[in-house]
Engineer: 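Dropping the structure in here first, questions after.
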Amino acid sequence: MSLECKTRVTQQKTPSSSSVKLQFAFYRDSRVVQDFSSISGYQVFPVEMNHSGEYSCEVRTSTNSKTKMSKILAIRIQELFSIPEIKLISHPVIPGANLSITCSTVSKSVATQPRFRFYKDEILVQNESLSNNYYMNSVQLKDSGNYSCDARIYDTVKTSSQVSVQVQGEWGRFTFSDHPLEASSFRPYQNMCQHFTSDDLFVWNYSYCMMVSAWKKQKIPKKMHRNTHSLTVA
């Protein structure tokens with residue numbers, strides 16, 4: 001933002017008129033923001049919201065013999081861009097699914113686009129770029145956490161709220177032949193089966209352990225339908 005204080009010097013028919021020098025001062029809300037000097041301009045960069053106000057300038061001769069004040073100019077700084085909003089594209093989030101998180105903001109800047117970063121549990125997971133999307137292919141339990149993003153234009157940075165991502169399957173049924181097993185049948189074996197923690201095979205190993213344990217306990221036929229092997233790890 002640039003302000004200029006313009007005036008004209010009335011030529012007097014005196015020997016000293018040609019040597020008259022002017023000094024300028026600038027004010028915002030009646031407070032000095034730039035004291036008297038030979039500089040007739042006032043610049044602010046980068047502009048912030050708190051730079052809004054009523055501006056004026058004052059001119060005086062170097063001998064302080066004359067002083068004149070300008071009219072007031074009201075300036076309202078518009079928000080450069082809105083606080084970013086973070087959203088999940090995929091819901092519910094289950095192991096093996098793809099997950100997309102977007103960071104949306106409304107920008108009033110024509111010349112510069114916002115740049116975005118993404119965080120998980122306040123740790124940077126995607127470096128600054130023009131992309132407002134964070135994509136995860138085949139999410140696992142370890143991808144659970146609190147995600148947030150920030151947007152930047154020039155030196156202004158704004159951060160979104162957090163969104164919680166909990167990667168989990170369904171507390172459905174395991175079916176052995178004609179004997180359905182409710183989720184409660186597996187709970188006694190949960191601690192024992194949590195030893196199966198390899199990343200990609202965690203869900204399958206954990207589920208298989210729970211099924212076999214329940215099968216041995218209840219002596220249910222071992223045949224199972226493959227399309228019903230989902231289990232939540234809460």
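Note that the structure is predicted; figures quoted are calculated from it, not measured.
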Engineer: Kindly say whether Glu54 contributes a backbone atom to a donor-acceptor pair with the side chain of Asp29 at under 3.5 angstrom?
Structural biologist: yes

Engineer: Is the backbone of Asn98 close enough, under 3.5 Å, to the side chain of Asn137 for a donor and an acceptor to pair up by distance?
Structural biologist: no

Engineer: With heavy-atom distances below 4.5 Å as the criterion, would you say the side chains of Leu3 and Leu73 are in contact?
Structural biologist: yes

Engineer: With a 4.5 Å cut-off on side-chain heavy atoms, are Leu22 and Thr61 touching?
Structural biologist: yes

Engineer: Nearest 0.5 Å, please: how far is CD in Gln126 from CG in Asn133?
Structural biologist: 7.5 Å

Engineer: Crowded around Arg76 CZ? As in, over 12 foreign heavy atoms under 6.0 Å?
Structural biologist: yes

Engineer: Nearest 0.5 Å, please: how far is CD1 in Ile123 from OH in Tyr147?
Structural biologist: 10.5 Å

Engineer: Nearest 0.5 angstrom please: Phe118 CZ to Asn127 CG, how far?
Structural biologist: 12.0 Å

Engineer: Determine, step by step, whether Ser2 and Glu4 satisfy the side-chain contact (heavy atoms from CB on, under 4.5 Å) criterion, reporting the C-alpha distance in whole Å, the side-chain angles of both residues, the deciding distance to 0.1 Å, and the verdict.
Structural biologist: CA-CA 7 Å; Ser2 297; Glu4 187 76 18; over 6 Å; no

Engineer: Give the minimum heavy-atom separation between Lys108 and Gln78, together with the two atoms involved.
Structural biologist: CD-OE1, 3.8 Å

Engineer: About how many Å separate CD of Glu85 and SG of Cys103, when rounded to the nearest 0.5 Å?
Structural biologist: 9.5 Å

Engineer: Which heavy atom in His51 sits nearest to a heavy atom in Arg28, and how many Å separate them?
Structural biologist: O-CD, 3.7 Å

Engineer: Show your working on side-chain hydrogen bond (donor to acceptor under 3.5 Å, both in side chains) between Ser70 and Ser56 and close with a plain yes or no.
Structural biologist: CA-CA 6 Å; Ser70 73; Ser56 59; 4.9 Å; no

Engineer: Can you find a pair of side-chain heavy atoms, one from Gln113 and one from Ser107, that are under 4.5 Å apart?
Structural biologist: no

Engineer: Please name the pair of heavy atoms, one in Ser131 and one in Phe116, separated by the smallest distance, quoted to 0.1 Å.
Structural biologist: O-CB, 3.5 Å

Engineer: Under a single-linkage definition using a 4.5 Å side-chain heavy-atom cutoff for Ile, Leu, Val, Met, Phe, Trp and Tyr, are Tyr119 and Val139 assigned to the same hydrophobic cluster?
Structural biologist: no

Engineer: Mind checking whether Phe36 and Tyr42 sit in one hydrophobic cluster, side chains of I, L, V, M, F, W, Y counted as touching below 4.5 Å?
Structural biologist: no

Engineer: Where do Ile39 and Gln34 come nearest, in terms of heavy atoms and distance?
Structural biologist: O-NE2, 4.0 Å

Engineer: Using a 4.5 Å cut-off on heavy atoms from C-beta on, say whether the side chain of Glu48 contacts that of Thr156.
Structural biologist: yes

Engineer: Nearest 0.5 Å, please: how far is CD in Glu58 from SG in Cys5?
Structural biologist: 9.0 Å

Engineer: Among the clusters formed by ILVMFWY side chains lying less than 4.5 Å apart, do Ile77 and Tyr55 turn up in the same one?
Structural biologist: yes

Engineer: Which of these, Val47, Thr112, Ile153, sits in a side chain to side chain contact (heavy atoms under 4.5 Å, CB included) with Leu80?
Structural biologist: Ile153

Engineer: If you round to the nearest 0.5 Å, how far is OG1 of Thr7 from CZ of Phe24?
Structural biologist: 7.0 Å

Engineer: Are Met136 and Leu88 joined in one hydrophobic group, where the rule is that I, L, V, M, F, W and Y side chains link up if heavy atoms are under 4.5 Å apart?
Structural biologist: yes

Engineer: So, Ser144 side chain and Val167 main chain: donor-acceptor pair closer than 3.5 Å or not?
Structural biologist: yes

Engineer: Output yes when a side-chain donor or acceptor of Lys120 lies under 3.5 Å from a complementary backbone atom of Asp143, and no otherwise.
Structural biologist: no

Engineer: Looking only at non-hydrogen atoms, find the nearest pair between Met69 and Tyr27 and report the distance.
Structural biologist: CE-CE1, 4.1 Å

Engineer: Closest approach of Arg117 and Val157, non-hydrogen atoms and distance?
Structural biologist: NH2-CG1, 4.2 Å

Engineer: With a 4.5 Å cut-off on side-chain heavy-atom distances among I, L, V, M, F, W and Y, is there a chain of contacts connecting Ile72 to Phe26?
Structural biologist: no

Engineer: Kindly say whether Asp121 contributes a backbone atom to a donor-acceptor pair with the side chain of Asn146 at under 3.5 angstrom?
Structural biologist: no

Engineer: Ignoring hydrogens and geometry, is there a side-chain-to-backbone donor-acceptor pair from Ser160 to Ser148 under 3.5 Å?
Structural biologist: no

